[in-house]
Amino acid sequence: MSQHDVEVPGNADDTSPAPQVRAEALDSAGVHDQHAAAPGRTPLDAAVVAAPEVVSNSFGEYVRAWAKRVRSGESGVLPVLGGLVAIIVIFQVQEPVFLSAGNLINLLVQGAVFMLLGMGEVFALLLGEIDLSIGYVAGVGAVIVAAVVAYPHSWPWWAGIAAGLAATTAIGALQGALITRLHLPSFVVTLAGLLGWEGVMIFIVDSSGSGSGGTIRISNNILNDVVNGNMSPIAGWILMALVVGLFASFTVFRDSRRRAGGLVTPPVGAMLLKIIIVAAAGIVLVVLANTNRGVLVPLRGVPWVVPLLLGVLGLWSFLLGRTRYGRYVYAIGGNPEAARRAGVNLTRIRTVAFALSGLTAGLAGIVYESRLGSISINIDGGTLVLYAVAAAVIGGTSLFGGRGKPLHAVLGGLVIAVIYNGLGLLGVGAATEYIATALVLLAAVTVDAVARRGRTLGTS
Amino acid sequence: MSSGQPLSETVVLAEGNVEPLLRLRGVGKSFGPVQALTDVDLTVPLGQVTALAGDNGAGKSVLIKTVAGIHPPDAGQIYWQGNPVHIRSPRDAAALGIETVYQDLALCDNLDIVQNMFLGRERLRRGLLDEDSMEKAAKDTLLSLSVTTVRSIRQPVASLSGGQRQAVAVAKAALWTSKLVIMDEPTAALGVAATGMVLDLVRHLAAQGVAVLVISHNLNDVFAVADRLAILHLGHMVAEGPASDFDRQIVVDFMTTGRSSRRSGDGLVDGVGRSGG
């Protein structure tokens with residue numbers, strides 16, 4: 001992978017090797033200390049990019065530190081939230097149906113596939129790699145589930161799901177093994193996957209005997225209900241209360257414990273604000289979902305795909321944020337050589353990341369076929385994977401590794417779903433839709449690149 | 001901080017009867033056709049600072065990487081407290097009590113100070129990262145080294161200055177109870193004040209009974225901190241002995257030509273051949 005260490009003393013890119021026997025201290029003061037010479041690198045400015053909670057004690061300071069950080073390019077989820085609001089306003093002005101309960105829930109369901117695929121992609125992006133195959137890996141997973149559950153195989157739904165997810169996880173692990181053990185570029189391996197798994201998908205549909213005309217219908221109720229079924233209104237409220245309550249009590253418990261221990265903690269105001277935002281989002285979602293959005297028959301309740309999304313989001317956030325495995329994923333994305341020297345098993349961590357990417361893609365495939373009620377070999381895995389990368393990057397995950405969260409993919413997926421849905425409502429056609437998505441993606445990558453340039457100006 | 005326990009019983013090694021902490025015998029390493037190290041002997045005693053000097057390309061970094069488990073040697077034997085050992089990975093080295101501060105510092109810019117200091121050895125509680133205890137330990141270590149210039153130990157390393165980064169890297173090594181701390185050009189990118197701070201820290205570690213192996217080709221630094229000197233020339237160990245046996249000119253001769261006609265004192269291994277390069 002990165003360095004084939006035929007060691008040349010002083011090959012470090014971070015520190016300038018002093019030439020020969022160094023000419024005494026004088027020039028080491030200014031000239032050799034490049035960090036002092038680099039712009040934006042003085043200790044005063046150093047605090048600017050630090051997270052707000054580390055440089056502030058009061059709420060006002062917190063907000064100021066946060067604003068500084070946004071200006072310096074470390075913007076987090078702010079651009080995506082701002083962009084989301086702007087796009088929503090535009091669509092609402094153009095088409096008043098846009099903000100109706102029915103359309104918003106529809107939009108959420110449409111976006112679920114992008115969000116799940118995006119969360120899979122985050123694993124690859126965090127490592128500084130890319131996974132171009134997950135669109136068709138999702139397709140393979142979907143056709144396996146559909147084929148084994150349909151007549152004549154007629155497996156129970158859970159066995160079908162297990163088989164599908166096992167297959168996509170194995171595919172991810174296989175690609176990961178090729179990338180890490182043979183040191184092949186992930187771009188090429190997964191590009192081969194993009195072509196190859198489409199072929200495998202078609203082969204499975206043709207040879208399973210479950211489909212006709214390249215399409216397998218989903219007749220199992222549970223599989224259909226993943227997206228099309230709704231929780232009862234009361235269950236929606238209970239779920240919301242549970243999620244918000246868990247989040248709030250966990251946050252309060254952790255912050256107060258850390259504050260008591262004299263550790264770095266965000267101010268109470270910021271903590272409360274965070275909890276209020278999450279609670280408000282939850283309430284709005286459940287109110288919308290519990291509004292009758294049926295046309296002929298009443299249709300209300302939170303779609304089952306929402307708890308699925310929340311579960312995946314929570315699980316992956318937990319894995320990446322709270323476990324040793326997650327820490328190593330970030331470390332490899334930040335500096336693989338440092339991780340290797342720290343004794344991190346790069347091969348294993350990377351391979352597992354690709355396997356998790358495949359697993360998440362499998363879930364996306366199930367959601368995809370559940371929404372359509374069938375799975376066809378015409379599924380466009382190429383476009384799906386581009387939307388997945390776009391979702392992650394629009395949400396704030398860096399293409400260059402080490403920075404990003406599963407939440408970013410969810411927010412980015414939401415942006416794509418809004419564009420997709422809004423332009424669909426306006427009836428502008430595919431041409432405008434593609435162009436608009438492309439422009440949003442470009443804007444997001446630009447934000448990432450500019451932020452990165454701001455960082456590296458100071459770093460190297 | 002590393003064990004505050006004085007390891008006084010081993011200090012008698014001045015008499016030469018006690019096995020040194022680390023001893024290399026006939027160590028060789030090649031990368032394809034490039035012979036980076038040839039038949040290298042080296043002795044690193046506890047409680048002393050051993051400086052490893054040599055010109056660019058002499059093999060200093062390769063030598064410490066053989067000890068640190070990054071590049072296991074092709075030939076020769078490493079003895080740890082008199083016992084032959086095979087150091088095949090950084091984990092093996094860490095298990096023996098060897099900590100390395102690399103020239104490029106090996107820090108992850110996207111991680112914060114605490115995360116970097118514990119990278120590879122995170123503390124767990126019920127299977128999860130124990131951030132609180134790691135943060136406390138990191139804070140204590142930084143304070144004990146008088147590293148007070150960072151605003152918060154939860155800021156990403158990307159936001160630190162060069163001297164602060166070096167301090168974090170040194171604190172990372174000091175955090176672990178180690179017997180041997182290896183430092184690769186610790187002062188190369190530092191200003192005057194930060195250099196003084198790092199050299200003080202080196203002496204401080206040795207005074208606590210830790211063996212310190214410092215790579216440097218800054219002779220000021222070498223003579224300021226070293227108890228012992230070892231000089232590499234084109235992959236060969238051309239001189240090794242107490243720092244008092246050398247003066248600046250002799251060291252320069254050895255570093256540049258592999259031999260010195262001016263050498264005084266005994267115990268110096270005279271230089272031979274110049275293969276590879």
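The chains referred to below are lettered A, B, ... by the order of the sequence lines, with proteins before strands, and numbering in each begins at 1.
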Task: Flag if over 12 foreign heavy atoms under 6.0 Å of CZ, B/Arg123 - done: yes
Task: Check: B/Thr100 and A/Arg341 side chains under 4.5 Å, non-hydrogen atoms - done: no
TODO: Pick one of side chain, backbone, both or neither for B/Leu107, based on which atoms fall under 4.5 Å of a heavy atom in chain A.
DONE: backbone
Task: Contact summary for A/Thr323 and B/Leu129, nearest pair of heavy atoms - done: O-CD1, 3.4 Å
Task: Point-to-point distance, once rounded to the nearest 0.5 Å, from CD of B/Glu131 to CZ of A/Arg254 - done: 9.0 Å
Task: Structural part of B/Arg126 lying under 4.5 Å from a heavy atom of chain A - done: neither
TODO: Any chance you could measure A/Arg322, atom CZ, to B/Asp130, atom CG, to the nearest 0.5 Å?
DONE: 9.0 Å
Task: Donor-acceptor contact present, side-chain B/Lys136 to main-chain A/Gly261, <3.5 Å - done: no
TODO: Please look at B/Lys29 and chain A and tell me whether the side chain, the backbone, both or neither of the residue comes under 4.5 angstrom of a heavy atom of that chain.
DONE: neither
Open item on the list: Please classify the contact between A/Phe318 and chain B as side chain, backbone, both or neither, with a heavy-atom cut-off of under 4.5 Å.
Closed with: side chain
TODO: Please examine the side chains of B/Leu111 and A/Arg327, heavy atoms only from C-beta on, and report whether any two atoms are closer than 4.5 Å.
DONE: yes
- [ ] Under 4.5 Å heavy-atom distance to chain A, tell me which part of B/Ile215 shows up: side chain, backbone, both or neither.
- [x] neither
Task: For the student: nearest non-hydrogen atoms of B/Ala106 and A/Ala338, plus distance - done: O-CB, 3.3 Å
Open item on the list: Looking at every non-hydrogen atom in both residues, tell me the closest pair between A/Tyr328 and B/Glu122 and how far apart they are.
Closed with: OH-OE1, 2.7 Å
Open item on the list: Using a 3.5 Å distance criterion without hydrogens, assess whether the side chain of B/Asn110 forms a donor-acceptor pair with backbone atoms of A/Tyr330.
Closed with: yes
Open item on the list: Could you measure the distance from the CZ atom of B/Arg91 to the CG atom of A/Asn345? Nearest 0.5 Å is fine.
Closed with: 8.0 Å
TODO: For B/Glu135 and A/Val264, indicate whether the former's side chain and the latter's backbone hold a donor-acceptor pair under 3.5 Å.
DONE: yes
TODO: Just give me the residue among A/Gly402, A/Gly262, A/Gly326 that pairs up with chain B most often, heavy atom to heavy atom, under 4.5 Å.
DONE: A/Gly402
Task: Choice from A/Val344, A/Asn335, A/Leu263 maximising heavy atom contacts with chain B below 4.5 Å - done: A/Leu263
- [ ] Determine whether more than 12 heavy atoms belonging to other residues, nucleotides or ligands lie under 6.0 Å from atom CZ of A/Arg348.
- [x] no
